[in-house]
*Asks:* 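Mind having a look at this structure? Questions to follow.
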Amino acid sequence: MNSKTWLSRRNVLRGLGVGLALPWLESVSPPPAYAQAASPIKRYLLMYFPCGVARAYWPPKGAGAGSAWSLSALLEPLAPYKKYLQVLSNVGQEELYNAGVNPNPSHSLYCAPSFSCTVPDVKLPILGGPTVDQIIAQKIGAAPFKSLQIGCSTMNSSSDGRHSSMTRSISWSATDVPLYKEVNPQKVFDSLVAQLAPGGATDPANQALAQLRKDRDLSVLDYVAQEATSLSTKLNASDSRRLEQFLTSVRDIEERTKLQGTSIPGSGSTKTYTRPTMSATYNERRSSDAINPTDPVGYNRNEHAELMNDLITMAFETNLTRVISHMLDDARSDYHYRFLKQRSFTANSVTSTEIDAPLDTLLQGSLLGYHGLSHDGDNNNGFATVNYWFVQKFASLLDRLSKAVEPDGSGKSVLDNTFILFMSGMQGSSHQLTKLPVIFASGGGIFKADYHNNFPAQVRLADMHLTILQAGFGVQMAKLGYSGATVPDLLV
Amino acid sequence: MTTIQIVANGTGTTDGGVPDVRAKGPPRSPQLWELGLVARYLPDVARYGIAVGALAFASACTGKIGDTATPPHGATGGGNTGTGGGNTTGTGGGGVVDPGRVGIHRLNNTEYNNTVRDLLGTALQPAATFLAEEGFSFDNTANALGMTPPQYEGYLKAANNLMVESLGNPAQRARFMSCTPAAAADPCARQIIGTFGMKIYRRPLEAAEVDRAMKVYDADFARAKNGSEAIGQALRAMLSAANFLYRIEYDPDPTSRTPHPLSSYELASRLSYLHWSSMPDAALFDSAKSGLLLEPATLEATVDRLLADIKEGAFVESFAGQWLDIRNLYTHSITPQIFPTYTTALSDAMMTESYMWFQEFLSKDRPLTDWFTADFNYVNDVLAQHYGFPAAKAGQFTRVEVTTDQRRGFLGLSSFLTLTSVPSRTSPTTRGAWLLSELLCSPPPPPPPNVPDLNASAEPDAGSQPSGTENVRVRLEKHRAAPACAACHNSFDPIGLGLERFDGIGRYREAYGNGDPIVPTGELPDKTTFAGALDLGALLAKDPRFSVCAASKMFTYAMGREIENYDAVVMQNLTGKWAARGLTLKNLIKEVVLSDAFRFRRGEP
């Protein structure tokens with residue numbers, strides 16, 4: 001027996017966790033507009049954050065349209081974009097609790113099911129149905145990437161004893177198909193660029209090589225698809241279903257490969273995108289120089305989130321995809337947001353102030369991680385400080401999308417044609433399922449904007465989603481999970 | 001002889017007066033136990049009610065640790081020969097017990113890395129950049145391993161990178177380039193595809209499969225006029241195929257429930273992935289080719305051979321790393337102000353010790369009856385200091401037997417003691433419930449709604465807390481004063497409190513930070529008393545549930561599927577034979593491998 005075996009192997013793994021940072025510029029142009037989807041709104045973005053909010057500082061003041069309402073201390077970063085927003089108060093999903101499933105542990109139950117509105121299996125990764133972003137992707141997803149799943153968690157976050165897809169994936173294409181998110185901005189960028197310019201071949205000298213690569217990829221994919229098809233006759237029903245997952249994935253890549261490097265008739269602008277220099281890998285072990293899970297060297301969560309905002313903007317303005325889901329963090333993340341400075345919130349104030357001290361100086365022990373913070377009350381400054389940061393990242397995305405120009409020459413912004421749902425599946429510190437924090441951002445015209453919708457009676461989350469599906473995206477669906485009816489009040 | 005009992009459904013009211021957790025009511029308070037550490041074991045119970053061992057889930061709260069009045073059939077060694085040879089109660093034909101069914105099984109990320117290492121001789125670990133594996137239970141559970149477009153994209157790119165590397169590296173190239181293909185439809189290409197393709201698909205190829213790969217070769221030769229590159233493309237295609245990425249076992253009739261033996265190649269793969277998390281080696285392929293592998297005697301000899309080659313500790317890291325949660329130390333969080341000596345070097349040493357400790361049970365044939373009492377540790381300088389042992393050589397791990405009687409057996413391993421603690425202090429509740437769940441397979445039921453949160457107020461293990469604050473034991477005793485809490489907490493709190501002389505990172509101590517002396521005595525619900533950790537270990541050593549639990553974990557891991565109701569007979573047979581043979585890990589693996597479930601399979605409509 002050799003004690004070094006384990007040590008040396010671990011070192012190898014650790015070394016591989018470090019991403020290469022190569023300076024790389026790509027000048028690429030957006031591909032052609034794909035067949036116009038028969039949908040009122042062109043794009044859908046689901047932006048998720050975990051554990052709810054410090055409720056004391058969340059609800060807007062007043063209700064109704066325009067000057068009848070104003071932002072709260074937690075929503076204050078959204079001030080420049082108020083005209084795009086509809087804040088929903090009194091949306092709930094108690095059906096999850098009432099369905100008879102053991103509500104403990106709650107995080108896995110109040111994550112993806114918030115977007116499928118089904119009651120999941122308690123153990124296996126069985127959600128009960130697809131999530132709303134995937135239903136929308138079916139309708140409007142005609143683009144090289146039918147949808148993208150991204151996120152910011154670099155931790156091997158706790159999964160509450162369930163299959164970890166229940167706490168780490170908010171997009172499911174079917175009841176048993178969690179779509180794992182990509183957290184590495186470099187990989188997202190590379191995939192997008194590969195689609196626009198395979199092999200980095202914007203240089204004509206590389207075109208032949210790029211074509212060879214594409215032909216080879218297609219040849220391999222053809223072999224793989226044929227082989228799997230021949231297999232399926234030898235399997236029983238349940239295995240055939242699993243093989244179908246494989247074949248679906250192969251065909252998805254095959255279709256995307258065929259579209260690689262498609263020329264761009266009728267498109268004007270050329271934009272330069274820079275490859276992110278920061279890599280972020282999932283399952284990163286805590287760093288080697290400290291014991292509490294500090295960030296790996298060279299990693300910065302704020303930069304990570306900003307890069308993801310860049311990539312969302314890039315993917316949308318190039319029409320490479322129309323549907324994205326983005327997890328700002330995992331459902332039961334205990335990430336230590338110690339890069340943040342503390343903010344001080346006070347009751348009834350509509351602003352907060354930054355204190356010149358890192359977040360962790362006031363906090364003790366196990367409460368330092370985000371999940372721990374979230375349990376320390378609905379008025380605790382640590383919890384609210386992280387919530388505020390989530391809202392800031394939402395605001396900075398709105399800033400980008402409102403400035404990004406639609407490639408169709410209409411003069412509109414990308415945000416004008418995009419619907420964004422920013423929400424959490426929990427209320428706040430007590431992790432209840434009522435009064436969920438929910439915000440729409442859209443260009444208006446279909447959903448009320450510059451509006452605080454303070455419903456007198458609780459609105460079912462499923463009904464809210466159903467309304468978005470039907471009115472926003474023309475999805476002909478009478479029912480979503482446990483939904484009852486649509487919510488006309490959401491609409492203009 | 002008592003029989004094994006599989007409880008069909010474990011949710012609901014227990015006999016301890018605990019309210020039905022499904023009862024409607026206001027959403028419950030968070031952090032019912034402690035930070036979810038305990039809660040992770042609940043779904044097992046909720047879904048399957050696994051109680052492999054006669055102590056059903058519902059009786060977990062009676063906490064009859066050490067109670068041998070109702071032993072779960074004879075897995076306690078000696079005496080009981082179980083049902084050896086009595087494979088007659090199954091549902092299958094030919095005297096074969098229902099072997100159950102494992103679906104097509106995608107290689108997990110570890111298995112993928114190991115497989116391409118052994119296949120191509122590569123040092124690349126492509127899966128390091130794959131999307132994170134989403135595991136539950138063991139990460140080789142077949143039906144939790146799905147496939148999505150981004151995942152497939154990762155495999156596709158990896159296959160390309162691997163072949164680019166292999167073509168450019170003479171040693172790697174020689175593994176498959178047994179001749180030099182130089183023309184369209186070159187017989188040499190056909191030979192390479194047939195020979196190396198057998199290793200890729202882990203079985204001989206059918207003619208139609210060779211033809212299909214030759215088409216890739218020919219198409220590429222037509223494109224680039226380069227035989228090597230064309231072979232590279234053909235092999236790349238095979239490395240991207242379902243037959244490589246999945247372990248697929250075939251049924252003559254995929255819809256028939258009649259058991260049939262696995263093919264010798266399928267068996268070879270089951271063996272190699274169990275022992276090495278990797279593909280079969282040349283000797284295993286030979287044994288599969290000759291059919292000798294199907295003989296029970298060959299199987300046993302093969303287990304010995306595969307275990308002797310520890311291949312970077314794949315089995316121990318994977319099986320023990322997951323069963324005993326050792327891997328969790330990678331992400332375990334500690335409050336540095338309270339435990340300033342907890343460094344990465346220390347947590348690495350804790351993990352290494354646990355792997356070596358487990359490896360000793362495996363390779364030295366120590367019976368599992370020693371698990372709680374074995375008096376040895378593996379320490380390097382860092383860990384020796386942590387344990388208060390005499391100084392050890394820097395960096396190197398040494399086996400030591402220290403006779404202070406403070407630290408003994410599994411209960412003295414700092415990995416276990418640390419990962420069942422919260423960042424700032426011990427959590428006796430978590431330690432007790434973890435032992436019940438993971439080592440006795442008797443997880444306590446979930447806590448009822450609206451229990452108060454202990455965590456926020458219990459004092460940390462060290463630091464500047466004012467004296468006079470209540471220690472963990474006092475607070476837990478108050479908690480247990482409530483009858484609704486007592487029923488369950490009485491079953492696990494005393495176990496954890498018996499380990500209180502080990503702090504939140506497993507250091508020995510005799511007083512709390514506030515100066516209170518630590519009283520490690522306890523009383524179990526059946527009124528058995530113990531004086532401390534050593535006593536407790538002796539009680540656990542006598543608990544028959546442990547070996548049955550170990551068997552169920554090994555079975556789950558080896559099969560790549562959860563235990564189902566129909567496995568009762570297989571489990572009964574194999575635990576009986578294991579007990580008769582001697583409760584070593586090697587014997588357990590052999591009995592699992594010899595079981596009908598491992599050697600047979602069936603279809604399903």
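Proteins come first, then strands; the chains are lettered A, B, ... in the order of their sequence lines, and each starts at number 1.
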*Asks:* Between M238(B) and V224(A), is a side chain to side chain contact (heavy atoms under 4.5 Å, CB included) present by the stated rule, with each step listed?
*Replies:* CA-CA 8 Å; M238(B) 300 180 79; V224(A) 171; over 6 Å; no
*Asks:* Output, in order, the C-alpha distance, side-chain angles, deciding distance and verdict of salt bridge (Lys or Arg N to Asp or Glu O under 4.0 Å) for R223(B) and D215(A).
*Replies:* CA-CA 9 Å; R223(B) 262 194 299 265; D215(A) 290 347; 5.2 Å; no
*Asks:* Rounded to the nearest 0.5 Å, how far does OG1 of T148(B) lie from NZ of K181(A)?
*Replies:*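 The NZ atom of K181(A) sits 12.0 Å away from the OG1 atom of T148(B).
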*Asks:* What part of L346(B) lies closer than 4.5 angstrom to a heavy atom of chain A: side chain, backbone, both or neither?
*Replies:*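 Looking at L346(B), nothing touches chain A.
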*Asks:* Which atom pair, heavy atoms only, marks the closest approach of A224(B) to R216(A)?
*Replies:*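 Looking at all heavy atoms of both residues, the shortest contact is CB-NH2, 3.6 Å.
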*Asks:* Please classify the contact of V250(A) with chain B as side chain, backbone, both or neither, using a heavy-atom distance under 4.5 Å.
*Replies:*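 It is both, since atoms from each part get that close.
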*Asks:* At a heavy-atom separation under 4.5 Å, does L179(A) approach chain B through its side chain, its backbone, both, or neither?
*Replies:*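 Both backbone and side chain of L179(A) come within 4.5 Å of chain B.
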*Asks:* For V216(B) versus S219(A), what's the shortest heavy-atom pair and its separation?
*Replies:*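 Answer, listing the atom of V216(B) first, then S219(A): CG1-OG, 4.0 Å.
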*Asks:* Can you give me the closest heavy-atom contact between Y152(B) and S249(A), atom names plus distance?
*Replies:*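 Y152(B) and S249(A) have their closest heavy atoms at CB-CB, 3.8 Å.
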*Asks:* Top residue by heavy-atom pair count (under 4.5 Å) with chain B, among N184(A), D252(A), T248(A), L148(A)?
*Replies:*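 Highest number of heavy-atom pairs under 4.5 Å: D252(A).
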*Asks:* Going from NZ on K234(A) to CG on D253(B), what distance comes out if it is rounded to the nearest 0.5 angstrom?
*Replies:*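 The CG atom of D253(B) is 14.5 Å from NZ of K234(A), to the nearest 0.5 Å.
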*Asks:* Would you say N160(B) and V220(A) make side-chain contact, with heavy atoms under 4.5 Å?
*Replies:*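 Side chain of N160(B) against side chain of V220(A), heavy atoms only: no contact under 4.5 Å found.
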*Asks:* I need the Y155(B) OH to F246(A) CZ distance, nearest 0.5 Å.
*Replies:*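 It is 9.5 Å, given to the nearest 0.5 Å.
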*Asks:* Are the side chain of R242(A) and the backbone N or O of H105(B) linked by a donor-acceptor pair below 3.5 Å?
*Replies:*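 Side chain of R242(A) to backbone of H105(B), a donor-acceptor pair under 3.5 Å: no, none is there.
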*Asks:* Please classify the contact between K146(A) and chain B as side chain, backbone, both or neither, with a heavy-atom cut-off of under 4.5 Å.
*Replies:*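 Contact with chain B is absent: no heavy atom of K146(A) under 4.5 Å.
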*Asks:* Where do I104(B) and L243(A) come nearest, in terms of heavy atoms and distance?
*Replies:*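 Answer, listing the atom of I104(B) first, then L243(A): CD1-N, 3.9 Å.
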*Asks:* Which one of A208(B), G146(B), S240(B), P150(B) has the most heavy-atom pairs closer than 4.5 Å to chain A?
*Replies:*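 It is S240(B).
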*Asks:* Quick check for you: among E604(B), E209(B), K215(B), which has the greatest number of heavy-atom pairs under 4.5 Å with chain A?
*Replies:*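 Maximum pair count with chain A is reached by E604(B).
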*Asks:* Which bit of R256(A) comes within less than 4.5 Å of chain B, counting heavy atoms only: side chain, backbone, both or neither?
*Replies:*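 Only the side chain of R256(A) comes within 4.5 Å of chain B.
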*Asks:* Measure distances from N243(B) to the heavy atoms of chain A and classify the residue's part below 4.5 Å as side chain, backbone, both or neither.
*Replies:*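 It is both, since atoms from each part get that close.
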*Asks:* Taking it one step at a time, do E227(A) and Y201(B) satisfy side chain to side chain donor-acceptor pair (under 3.5 Å)?
*Replies:* CA-CA 12 Å; E227(A) 197 230 31; Y201(B) 284 6; 2.5 Å; yes
*Asks:* Pair D239(A), R101(B) - check salt bridge (Lys or Arg N to Asp or Glu O under 4.0 Å), show working.
*Replies:* CA-CA 11 Å; D239(A) 278 349; R101(B) 192 163 192 292; 3.2 Å; yes
*Asks:* Identify which part of S230(A) has an atom lying under 4.5 Å from any heavy atom of chain B, answering side chain, backbone, both or neither.
*Replies:*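 S230(A) touches chain B through side-chain heavy atoms alone.
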*Asks:* Evaluate whether atom NZ of K435(A) has more than 12 neighbouring non-hydrogen atoms of other residues, nucleotides or ligands under 6.0 angstrom away.
*Replies:*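 Check fails, neighbour count at 12 or below.
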*Asks:* So which atom in A242(B) and which in L231(A) form the shortest heavy-atom distance, rounded to 0.1 Å?
*Replies:*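 What the structure gives for the nearest pair is CB-CD1, 3.9 Å.
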*Asks:* With a 4.5 angstrom heavy-atom cut-off, is it the side chain or the backbone of D222(A) that approaches chain B, or both, or neither?
*Replies:*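 Neither part, no heavy atoms under 4.5 Å.
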*Asks:* Step by step, would you call Y180(A) with Q151(B) a side chain to side chain contact (heavy atoms under 4.5 Å, CB included)?
*Replies:* CA-CA 8 Å; Y180(A) 304 149; Q151(B) 277 178 301; 3.4 Å; yes
*Asks:* Kindly determine whether K157(B) and D190(A) satisfy salt bridge (Lys or Arg N to Asp or Glu O under 4.0 Å), including the steps that lead there.
*Replies:* CA-CA 12 Å; K157(B) 283 181 182 163; D190(A) 291 349; over 6 Å; no
*Asks:* Would you name the heavy atoms of Q245(A) and M147(B) that are closest together and state the gap between them?
*Replies:*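 Nearest pair, atom of Q245(A) first, then M147(B): OE1-N, 3.0 Å.
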